[in-house]
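Input: a single structure, listed below in structure tokens.
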Amino acid sequence: MGQRSTLIFLLVLSIASCSTKNNEEYLLGEWYNESVRVDIDALDGQIDSVFSVPAGKWEEILQIKPINTTYKPDGTFESIYYNLDGSVLQKTSGKWELKKDSLYFTEQGQTTGYLFQWQEGKGLFEGYLDWDTDGQEDDFYSGVQIKKVD
């Protein structure tokens with residue numbers, strides 16, 4: 001088993017005791033992105049390239065404010081993207097579903113799954129997707145969102 005596979009297995013094992021209800025309670029509400037890292041073409045164990053936005057560098061690197069996402073109790077979500085001046089750049093929405101430690105988003109008929117781990121006010125979202133739009137879900141996404149406190 002590769003290092004990344006071992007890490008994912010350990011993450012899954014470490015949170016297996018969390019109940020879905022508790023994770024849903026943690027998930028509900030408004031969140032914003034803190035950081036993201038995508039290892040391109042990582043599924044075979046050989047990373048082609050890395051896209052990284054570390055904490056504190058979101059606006060500098062992406063030239064937008066952190067994305068705000070609201071997870072609603074009815075199983076829907078909405079993400080709002082803001083320009084640096086605070087004006088709305090775009091909105092996306094869809095449905096979310098939590099099954100044990102896996103969070104699934106369905107948007108425009110396409111479903112993407114992530115391992116979701118609650119980390120005291122932050123959420124870690126990890127999974128394979130087609131980041132580079134080459135038709136292969138072989139890019140490893142690891143993103144951290146922070147839950148807004150009312």
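Judged by distance alone, the side chain of Asn33 and the main-chain N or O of Ser35 form no donor-acceptor pair under 3.5 Å. Judged by distance alone, with hydrogens and angles left aside, the side-chain atoms of Asp134 form a donor-acceptor pair with the main-chain N or O of Gln136 at under 3.5 Å.
Distance CZ/Arg37 to OG/Ser142: 8.5 Å, rounded to 0.5 Å. Once rounded to the nearest 0.5 Å, the distance linking OG1 of Thr111 with OH of Tyr104 reads 9.5 Å. In this structure, the separation between CG on Leu115 and CG on Leu124 is 6.5 Å, given to the nearest 0.5 Å. Atom OH of Tyr81 sits about 13.0 Å away from atom NZ of Lys91, to the nearest 0.5 Å. Atoms CG and CD1, on Asn83 and Ile64 in that order, are 8.0 Å from each other to the nearest 0.5 Å. Here the CG-CG distance, from Asp41 to Asp138, works out to 4.5 Å after rounding to the nearest 0.5 Å.
Under the 4.5 Å side-chain criterion, counting only non-hydrogen atoms from C-beta, Leu62 is in contact with Val53. Residues Leu84 and Glu59 have side chains in contact (heavy-atom distance under 4.5 Å, counting atoms from C-beta outward). Contact annotation: the side chain of Glu107 approaches that of Phe77 to within less than 4.5 Å [non-hydrogen atoms, C-beta and beyond]. Between Lys147 and Trp31, some side-chain heavy-atom pair lies under the 4.5 Å cut-off. Within the 4.5 Å cutoff, the side chain of Leu43 has heavy atoms near those of the Tyr128 side chain. Counting heavy atoms from C-beta on, the side chains of Asp139 and Asp130 come closer than 4.5 Å. With contacts defined as side-chain heavy-atom distances shorter than 4.5 Å, the pair Ile67/Trp58 qualifies. When side chains are defined from C-beta on, Ser49 does not count as touching Val38, because their heavy atoms never get closer than 4.5 Å.
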**Item:** Residues Glu78, Thr76; criterion side chain to side chain contact (heavy atoms under 4.5 Å, CB included); working and verdict
**Value:** CA-CA 7 Å; Glu78 180 180 55; Thr76 62; over 6 Å; no
Between Trp131 and Ile40, is a side chain to side chain contact (heavy atoms under 4.5 Å, CB included) present by the stated rule, with each step listed? CA-CA 7 Å; Trp131 181 269; Ile40 309 296; 3.5 Å; yes
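Under the 30°/60° scheme for interplanar angles, the aromatic rings of Phe125 and Phe116 are found to be tilted. Using cut-offs of 30° and 60° on the angle between ring planes, the pair Tyr141 and Tyr114 is perpendicular.
Remark: the Thr70 side chain and the Glu30 side chain contain no N/O donor-acceptor pair separated by less than 3.5 Å. Neither side chain, Tyr26 nor Gln119, offers a donor N or O lying under 3.5 Å from an acceptor on the other.
A 6.0 Å sphere centred on NZ of Lys95 holds no more than 12 heavy atoms belonging to other residues, nucleotides or ligands. More than 12 heavy atoms of other residues, nucleotides or ligands lie within 6.0 Å of CD in Gln63, so this atom counts as buried by the packing criterion.
Taking 4.0 Å as the cut-off between side-chain N and carboxylate O, Glu34 and Lys122 count as a salt-bridged pair.
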